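To keep things clear, I will list the structure first and then write my remarks on it.
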Amino acid sequence: MGGWLSTESPYPVPFYDRPVLDVAPELLGATIWHGPVAVRITEVEAYGGADDPASHAFRGLTPRNAVMFGQPGSVYVYLSYGVHWCLNIVCSPAGQAAAVLVRSGKVIAGLDGLRARWPRLAERDLARGPGRLGRVLSVGPDLNGTPVTGGGPLRVTGVPTPGAQAAVDAQPTTYLAWQRSTHGRGSARIVQTGPRVGIRLAAERPWRFWLAEEPSVSRGPARSVPHPHEG
DNA sequence: ATTATGATCGTCT
DNA sequence: GACGATCATAATG
């Protein structure tokens, strides 16, 4: 997709107003900002609605998941295990629930302050995993429902990774590596997919996406997996 | 290196 | 009252 090639202006609402499986891998490599801290996204997961038993929205609208049914490009924040505030970005048209869980990233701004606050953590671990990513970005319930498209405290900027899902689909035998998209500095983005982490239902769907060779990607139970045969 | 366990609380049954 | 889209620490091989 062309048109959003500025590294400064936020990805616009139409970027998110699409099927979540298209948006999720394209979000890899983007930068998410909150105050002085910025993180380059290296790992995400896609969650659907009524079609996805692993989704918070599977059983319909509740007070907690309401923003998942709302405006694409807004943030869905939930408390994980009573401890961690995790960050999602809502996708697909309003009225249809879907969101991308931002799981991991590499800190690219505000590093000094974060290092001082968590001196025992290696730099690559600061935003590794959804709990720690939420922590470095100061994600809390106050951000629930706010936009990442401008006009709010959070911004997502950068250059989308185009056509990532299409390339994943084109791989007939494995979900393995795909390459493409050389943006500036000749940095190739290699997208890999595998099962989502920490869920029981629909655990076989390879709806987790990450950038290969990225040390900030959380270690899940599986890496990339064989392509399940149809029928 | 891998595996087990406690923490902690909002949400839904 | 049970259950997590998790993480840090402790125990064990």
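Hydrogens, waters and symmetry mates are skipped; everything else that's a heavy atom, side chains included, is used. This one's a predicted model, so the numbers in the text were calculated from it and none came from an experiment. Note on naming: letters A, B, ... go to the chains in the order of the sequence lines (proteins, then strands), and numbering restarts at 1 for each one.
- The residue A/Ile199 sits close only to the backbone: its heavy atoms come under 4.0 Å of sugar-phosphate atoms, none of a base.
- With hydrogens and angles ignored, the 3.5 Å screen pairs a side-chain donor or acceptor of A/Ser92 with a backbone N or O of A/Gln96.
- Of the residues in residues 54-61 of chain A, those lying under 4.0 Å from DNA chain C by heavy-atom distance are A/Ala54, A/His56.
- With a 3.5 Å ceiling on both atom-pair distances, C/dA5 lacks any Watson-Crick or G-U wobble partner.
- For the pair A/Arg208 and A/Trp210, the cation sits on the ring face: its NZ or CZ lies under 6.0 Å from the ring centre, inside 45° of the axis.
- Taking 4.0 angstrom as the limit, A/Arg132 places none of its side-chain polar atoms (N or O) nearer than this to OP1 or OP2 of C/dT6.
- A cation-pi geometry, defined here as NZ or CZ lying under 6.0 Å from the six-membered ring centre and within 45° of its normal, does not hold between A/Arg196 and A/Phe209.
- Relative to the ring axis of A/Phe15, A/Arg18 places its NZ or CZ within 45° and under 6.0 Å from the centre.
- The distance from atom CD of A/Glu45 to atom P of C/dT6 is 7 Å, rounded to the nearest whole Å.
- Among the protein residues, A/Pro63 comes within range of the sugar-phosphate backbone only, with heavy atoms under 4.0 Å from sugar or phosphate atoms but none that close to a base.
- The shortest distance between the side-chain N/O atoms of A/Arg103 and the OP1/OP2 oxygens of C/dT6 is below 4.0 Å.
- One can place CG of A/Asn88 at 11 Å from P of C/dT6, the figure rounded to the nearest angstrom.
- The nucleotide C/dA10 finds its pairing partner in B/dT3, both defining distances of the Watson-Crick or G-U wobble pair being shorter than 3.5 Å.
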**OP:** Apply side chain to side chain donor-acceptor pair (under 3.5 Å) to the pair A/Ser216 and A/Arg128, showing each step before the final yes or no.
**Re:** CA-CA 5 Å; A/Ser216 64; A/Arg128 181 179 179 185; over 6 Å; no
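- Across residues 75-85 of chain A, A/Leu79, A/Tyr81, A/Gly82, A/Val83 each have a non-hydrogen atom less than 4.0 Å from an atom of DNA chain B (numbered order).
- OP1 or OP2 of C/dA8 has at least one side-chain nitrogen or oxygen of A/Arg135 nearer than 4.0 Å.
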